[in-house]
S.K.: 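Dropping the structure in here first, questions after.
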Amino acid sequence: NINTQMSYQTNLFIDGSYVAPILGGTFPTSNPANGELIANVANGTAEDIDLAIKAAKRCLYSEEWGYASTGKQRAAILRKLGEVITSRKDEIALLDSLDMGKPVREALADLGDAISACDHFASLAEEQDLKQHENIENGTGGDFTTTIVIEPVGIVGAITPWNYPFLMGIWKVVPAIAAGCCTILKPSELAPLSCLLLGELVTAAGLPKGALQVVSGLGSDAGAALSNHPEVDKLSFTGSVPTARRIMLAAASGPRALSLELGGKSPLIVFDDADIPSAVDWIMVGILWGSGQVCSATSRVLVHQAIREPLLKQLNSRLEAVRIGDSLDADIMNHQGPTMGPVVSKGQFDRIHTYIQLAKDEGLTFFSGGDSDAVPVKERVTGSEAAKEKGLFIAPTVLLDVPTSSRLWREEIFGPVLCIREFVDELDVVAVANDSEYGLAGAVFSADLERCERVARKLRVGIVWKNCCQPAFIQAPWGGVKKSGFGRELGRWGLEEFSVVKQVTACQSGFQWGLF
């Protein structure tokens, strides 16, 4: 009965209408919990991207949007969009759960953030109006006056990942709307359905046609065409480092503005004075939310030697209580304890198992997962027989005493695989935490708040959590350093990514240089 509770679109959304792709191609999207086909989705290509760009350009230079729009106008649309999403949030959450595999309660949390983003960026758009035509002191004693004008960056190419299908679309589309940009959104082909639904939602909110296009498609078709299109002014990408390198090359050919939010191998440090039950709870969140398919996942845990054993004992009991299964199964939906759905695709499933096999080959110690569990993951799965037989489920996997030279310690696995090491010295543990090519996030747990602050200042990351792990707030900047990317999403920093500042200087006194 679940399909009767939701609707979805499978065609491209261009210039205010849903249209079939020019070349007529499609690709399948399936439910990772049971392998069942959900739909065949339009595969956009360079021809469709070109149509989308033309629609965006018309809108950008129109009298109702783009450079002619005001923050007040954009704010009204964003607040209406928040109302529209609210009215359909259960439906959208179910769609994300079906398409990507995450438990419904995780998808509902995403929808809460999406609704908050609409209101927050509406307020920022209104504030932007108050900053227009700000006078800048230029030191000429009034001979010249200088003001600034804040304008949209132009046409935005936004490419989003599959792990937060709807929310990642919102993180890019909503600030772009707040800035007055026209956006072409290319969602991941692994979970495109909720982003395609955005066309319906923004139309109901009154967004002018052409201000948003949604072009689904394979990365090699739609993604590459969007990244390389000469009329795109700004590229915003969330995803893997290898894809980011290709997008950087495409941006350099412009050149055009670029922001990247990439992977991570985030450390979580637990000192000997930390509250152990609280630390264990956050460790669970940090590696099992989204089945570990989270860029900020705290997949490297460093625990003080003095509390290693009691922490592991509590972690073991919590891991045994995790319910694994079809995210739409009644037992999973109603379960009040920790739950996990499948990973998103067979490719991702195989990739994670390659790392698990590598751990076996390296002789690493399995605390859970692998072949160490008394009950195999297949027998733990809740749901239909199809879920048990075809679902892409991976048990929580915890490895102890992982060498810092191991690929499992250094590489982003993007699954429910946790590596644990012990430490004694604060300076040493910070050095180990920072010894990574990534720098998205990190967490520190200690009753000593001065120590927490000291460690937070030393961690080379874009986000630090003290005595918690993974909260993301719409009002605060999100982004990393090193190979985790550059630029920031969310908050006023997120709006600035889609805005440009123009200087306007006027001669007030008839002054002339008299040089020629």
Side-chain angles (χ1 to χ4, degrees), residues 1-8 10 26-41 88-111 162-166 188-194 196-197 284 288-294 319-353 356 368-371 373-397 414-417:
N1 296 326
I2 206 72
N3 283 334
T4 65
Q5 300 179 35
M6 67 184 87
S7 63
Y8 51 81
T10 59
T26 63
F27 62 90
T29 185
S30 300
N31 182 349
N34 56 27
E36 293 178 1
L37 176 70
I38 303 171
N40 287 305
V41 180
R88 299 181 66 175
K89 66 182 178 68
D90 290 347
E91 173 188 357
I92 301 167
L94 286 168
L95 185 58
D96 260 359
S97 185
L98 188 73
D99 202 18
M100 181 266 168
K102 64 173 58 188
V104 172
R105 65 179 178 184
E106 291 187 19
L108 284 170
D110 294 351
L111 267 292
W162 45 260
N163 55 342
Y164 290 84
F166 189 76
S188 169
E189 59 267 33
L190 295 180
L193 295 179
S194 62
L196 284 169
L197 197 64
M284 297 277 288
L288 300 186
W289 188 269
S291 299
Q293 300 166 117
V294 179
L319 289 170
E320 289 179 346
V322 174
R323 189 76 64 86
I324 303 171
D326 185 339
S327 54
L328 300 188
D329 182 79
D331 287 343
I332 293 291
M333 292 180 75
N334 296 324
H335 185 55
Q336 297 303 305
T339 62
M340 274 180 58
V343 297
V344 72
S345 68
K346 183 61 165 60
Q348 186 66 9
F349 180 86
D350 291 343
R351 183 177 187 274
I352 295 167
H353 272 287
I356 292 173
S368 69
D371 298 324
D373 294 338
V375 181
V377 65
K378 190 174 181 179
E379 296 179 20
R380 293 177 64 178
V381 171
T382 298
S384 64
E385 285 304 312
K388 296 176 186 294
E389 294 298 324
K390 299 180 181 179
L392 301 172
F393 298 99
I394 297 177
T397 302
F414 224 63
V417 180

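Here the structure is a predicted model, which is why all the values come from computation and not from measurement.
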S.K.: Looking at P103 and S327, what are the two nearest heavy atoms and their distance?
M.R.: CA-CB, 3.5 Å
S.K.: Treating T397 as the side-chain partner and A395 as the backbone partner, does any N or O pair qualify as donor plus acceptor under 3.5 Å?
M.R.: yes
S.K.: With a 4.5 Å heavy-atom cut-off, do M284 and V322 have their side chains touching?
M.R.: yes
S.K.: Please walk me through it: do V294 and Y164 pass side chain to side chain contact (heavy atoms under 4.5 Å, CB included)?
M.R.: CA-CA 8 Å; V294 179; Y164 290 84; 3.6 Å; yes
S.K.: For the pair N334 (side chain) and A330 (backbone), establish whether a donor and an acceptor sit closer than 3.5 Å, ignoring hydrogens and angles.
M.R.: yes
S.K.: So, taking the atom named OG1 in T10 and the one named CG in N40, what distance separates them when rounded to the nearest 0.5 Å?
M.R.: 8.5 Å
S.K.: Can you confirm whether L94 sits close enough to L328 that some side-chain heavy atom of one is under 4.5 Å from a side-chain heavy atom of the other?
M.R.: yes
S.K.: Name every donor-acceptor pair, under 3.5 Å, that has one atom in a side chain of residues 338-352 and the other anywhere in the protein, sequence neighbours excluded.
M.R.:
from: T339; atom 1: OG1; to: R105; atom 2: NH2; distance (Å): 3.4
from: S345; atom 1: OG; to: Q348; atom 2: N; distance (Å): 3.1
from: K346; atom 1: NZ; to: D350; atom 2: OD1; distance (Å): 2.8
from: K346; atom 1: NZ; to: D350; atom 2: OD2; distance (Å): 2.8
from: Q348; atom 1: NE2; to: F414; atom 2: O; distance (Å): 2.6
from: R351; atom 1: NH1; to: E412; atom 2: O; distance (Å): 3.3
from: R351; atom 1: NH1; to: I413; atom 2: O; distance (Å): 2.8
from: R351; atom 1: NH2; to: E412; atom 2: O; distance (Å): 3.0

S.K.: So, does D326 use its side chain to make a donor-acceptor pair with the main chain of A33 at under 3.5 Å?
M.R.: no
S.K.: Closer than 3.5 angstrom, by distance alone: can the side chain of S188 be matched with the main-chain N or O of L190 as a donor-acceptor pair?
M.R.: yes
S.K.: Report yes or no: is the cationic atom of K388 (NZ for Lys, CZ for Arg) closer than 6.0 Å to the six-membered ring centre of F393, at no more than 45° off its axis?
M.R.: no
S.K.: Which pair of non-hydrogen atoms, one from P396 and one from L319, has the smallest distance, and what is that distance?
M.R.: CB-CD2, 3.8 Å
S.K.: Grab the two heavy atoms, one from S194 and one from I92, that are nearest each other, plus how far apart they are.
M.R.: CB-CG2, 4.2 Å
S.K.: What's the spacing between D90 CG and L95 CG if we round to 0.5 Å?
M.R.: 12.5 Å
S.K.: Just wondering, do Y8 and D99 contact through their side chains at under 4.5 Å, heavy atoms?
M.R.: no
S.K.: Return the minimal non-hydrogen interatomic distance between P165 and D96, and the atom names on each side.
M.R.: CB-OD1, 3.2 Å
S.K.: What I'd like to find out is whether the side chain of L111 reaches to under 4.5 Å of the side chain of F166, using heavy atoms alone.
M.R.: yes
S.K.: Give the minimum heavy-atom separation between H353 and I394, together with the two atoms involved.
M.R.: NE2-CG1, 3.9 Å
S.K.: Side chain of T26, backbone of V41: donor and acceptor closer than 3.5 Å?
M.R.: no
S.K.: Would you say the side chain of S7 lies within less than 4.5 Å of the side chain of E91, judging by non-hydrogen atoms?
M.R.: yes
S.K.: When rounded to the nearest 0.5 angstrom, what distance separates CG in D110 from NZ in K89?
M.R.: 12.5 Å
S.K.: Residues in salt bridge (charged side-chain N to carboxylate O under 4.0 Å, His left out) with E106, at least two apart?
M.R.: none
S.K.: Could you state the interatomic distance from CG (L98) to CD1 (I38), rounded to the nearest 0.5 Å?
M.R.: 4.0 Å
S.K.: Minimum heavy-atom separation for M100 and Q293, please, with both atom names.
M.R.: CE-NE2, 3.6 Å
S.K.: Who passes salt bridge (charged side-chain N to carboxylate O under 4.0 Å, His left out) against E389, sequence neighbours left out?
M.R.: K378
